[in-house]
Peer 1: 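Structure below; questions to follow.
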Amino acid sequence: MSGFLAGLCVAALPLLAAGFWLGRRTARPESQGGLGTPVEHATFQTLHTASLAAPPLREGLTGETARRSARTLRSLLGTDALCLADDHDVLVWDGAGSHHRAEVRERLAGPLETGRGEAFRLDCDAPDCPVRWAVVAPLTVDDRVRGALVACAPRESAVLVRAAGEVARWVSVQLELADLDQSRTRLIEAEIKVLRAQISPHFIFNSLAVIASFVRTDPERARELLLEFADFTRYSFRRHGEFTTLADELHAIDHYLALVRARFGDRLSVTLQIAPEVLPVALPFLCLQPLVENAVKHGLEGKADTCRIQITAQDAGAEALVVIEDDGAGMDPALLRRILAGEVSPSGGIGLSNVDDRLRQVYGDDHGLVIETAVGAGMKITARLPKYQPGVHSAGRLTGT
């Protein structure tokens, strides 16, 4: 996420630098320390106008986003009319001369095919029509023409040709960032599907087997476990956004642990220490459950006595500090590094590397998992979750979970 914002800043830097340079070069000495020169004011106004057009374009090129950004882009160019088109049709016409829409649509075929801009005279019999010339500037993303920006004016102008080209390049950058945002969303959805697929078939089979074992001896217990199983699977396979709350994730973990306890009985001891103030914190969906499943697997592996797991969630100022610790078999740190790097697939399909990757994508590299372990020394996993991160918010608590 932070990488996309950085890309946006990089795209604006040349314009910002040029504006400051031009303003300083043309500033009169007596203006130093004042409110700025006219050129500086124009530079800041240009940047402000561009910033208003950016949010719609970051959603991609559609009829709605074109409508929301066209007037701002026309103001940026100072033209009598402006239209935006995709690779099929004119999406919006803003300003005078909309009766030229069909003519412009026909003239777009060449620029959309070649990717080269074009200026041409508009045929018009209306004496009061203020637009007589049109400049077409293609919009390209990854070397593929995605549409065009068309600026219309009373007369031919080399300045307008150049300005339309620069604005079209800026719009193209926003569309490229929109593609990156969509790719990121698709990647996160794919990773969630992977995590769902990694819910161990053995766990599902064993859970159902345990439930079946209670059907005759303790029907009420079987009913309770069946409800736990239903709630856990409902949460795990929900389609309700890519983020959840710490409260909902812990609630799902509780269902999971109830099923595990039913199988292993006193062999599993779990302690939870949760600060109430961190329960509303939003975090990536299915982010903690795989860590608890990992603790159960490695905690019980090769042990005949009790496995102890401790789950804590503490308030740490701007962050929620979540720690999951077990006293089980542990792991060779060198092997763990290879698993997190994606070089080795973990046994049992537990998604440590998946969770680590998603935390880094959402919060930045400094918020990856911190794992302390050694062979025979158990494992301690720490996750730092910012209480606020742009774009990270839960869609709300699911009913029935």
Side-chain angles (χ1 to χ4, degrees), residues 8 11-12 14-15 18-19 22 42 46-47 49-50 52-54 56-179:
L8 178 60
L15 182 59
L22 184 60
T46 299
L47 290 172
T49 304
L52 296 178
L57 295 171
R58 286 292 299 274
E59 299 174 21
L61 186 60
T62 65
E64 174 62 20
T65 60
R67 182 189 65 78
R68 288 160 53 197
S69 60
R71 181 157 299 181
T72 306
L73 293 174
R74 182 163 72 90
S75 174
L76 193 63
L77 284 169
T79 58
D80 294 88
L82 179 139
C83 70
L84 290 171
D86 59 14
D87 52 0
H88 299 295
D89 198 6
V90 173
L91 298 174
V92 65
W93 185 291
D94 188 79
S98 59
H99 54 282
H100 290 293
R101 186 169 184 152
E103 180 184 0
V104 168
R105 183 190 303 116
E106 293 178 1
R107 298 295 296 266
L108 285 176
L112 290 176
E113 181 178 352
T114 64
R116 292 193 295 268
E118 183 179 312
F120 54 86
R121 181 184 293 276
L122 294 169
D123 295 328
C124 188
D125 297 329
D128 57 344
C129 180
V131 295
R132 301 292 176 174
W133 278 88
V135 176
V136 180
L139 304 174
T140 59
V141 177
D142 293 332
D143 297 324
R144 184 169 69 88
V145 179
R146 295 281 292 273
L149 178 148
V150 184
C152 302
R155 63 190 65 84
E156 186 178 10
S157 168
V159 173
L160 179 59
V161 171
R162 184 172 180 180
E166 292 296 331
V167 172
R169 275 190 283 274
W170 180 83
V171 172
S172 297
V173 170
Q174 308 310 308
L175 297 179
E176 187 167 356
L177 291 172
D179 272 8

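Positions are given from 1, in the same order as the sequence printed here.
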Peer 1: At their closest point, which heavy atom of L108 faces which heavy atom of A148, and how far apart are they?
Peer 2: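 Looking at all heavy atoms of both residues, the shortest contact is CD2-CB, 3.9 Å.
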
Peer 1: Can you list everything that forms a side-chain contact (heavy atoms from CB on, under 4.5 Å) with S157? Sequence neighbours excluded, please.
Peer 2: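 Once residues adjacent in sequence are excluded, the partners of S157 under the side-chain contact (heavy atoms from CB on, under 4.5 Å) criterion are V159, L160.
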
Peer 1: Between V141 and S172, which heavy-atom pair has the shortest distance, and what is it?
Peer 2: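 Reported closest heavy-atom pair: CG2-O, 4.0 Å.
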
Peer 1: State which residues pass side-chain contact (heavy atoms from CB on, under 4.5 Å) with S98; sequence neighbours excluded, sorted by chain then number.
Peer 2: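 Result, side-chain contact (heavy atoms from CB on, under 4.5 Å) vs S98: W93.
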
Peer 1: If you look at every heavy atom in A70 and V92, which pair is closest and at what distance?
Peer 2: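 Answer, listing the atom of A70 first, then V92: CB-CG1, 3.8 Å.
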
Peer 1: Any side-chain heavy atom of V145 within less than 4.5 Å of one from T114?
Peer 2: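 No - every pair of side-chain heavy atoms lies 4.5 Å or more apart.
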
Peer 1: Could you tabulate the donor-acceptor pairs under 3.5 Å formed by side-chain atoms of residues 126-139, not counting sequence neighbours?
Peer 2:
from : atom 1 : to   : atom 2 : distance (Å)
R132 : NE     : C129 : O      : 3.4
R132 : NH1    : C124 : O      : 3.2
R132 : NH2    : A126 : O      : 2.7

Peer 1: Could you report the tightest heavy-atom contact between L82 and L84, atom names first, then the distance?
Peer 2: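 L82 and L84 have their closest heavy atoms at CD2-CG, 4.2 Å.
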
Peer 1: What distance separates E103 CD from R101 CZ, expressed to the nearest 0.5 Å?
Peer 2: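 Nearest 0.5 Å value for the CD-CZ distance: 14.0 Å.
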
Peer 1: Once side-chain contact (heavy atoms from CB on, under 4.5 Å) is applied, do any residues pair with V167, and if so which ones, sequence neighbours excluded?
Peer 2: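 Testing V167 for side-chain contact (heavy atoms from CB on, under 4.5 Å), a comparison that skips the adjacent residues, returns L73, L76, L77, L149, V171.
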
Peer 1: So, T65 side chain and G60 main chain: donor-acceptor pair closer than 3.5 Å or not?
Peer 2: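 Checking the backbone N and O of G60 against the side chain of T65, a donor-acceptor pair under 3.5 Å is found.
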
Peer 1: Ignoring hydrogens, what is the shortest heavy-atom contact between R146 and L61? Give both atom names and the distance.
Peer 2: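 Where R146 meets L61 most closely, the heavy atoms are O-CD2, 3.9 Å.
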
Peer 1: Please list all pairs passing the salt bridge (charged side-chain N to carboxylate O under 4.0 Å, His left out) test where one or both residues lie in residues 66-80, with sequence neighbours left out.
Peer 2: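 Counting only pairs at least two positions apart or across chains, the salt bridge (charged side-chain N to carboxylate O under 4.0 Å, His left out) contacts touching residues 66-80 are E59-R68, E64-R67, R71-D94, R74-D94.
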
Peer 1: For residues 112-124, which residue pairs qualify under salt bridge (charged side-chain N to carboxylate O under 4.0 Å, His left out), counting only residues two or more places apart or in two chains?
Peer 2: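 Those involving residues 112-124 are R107-E118.
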
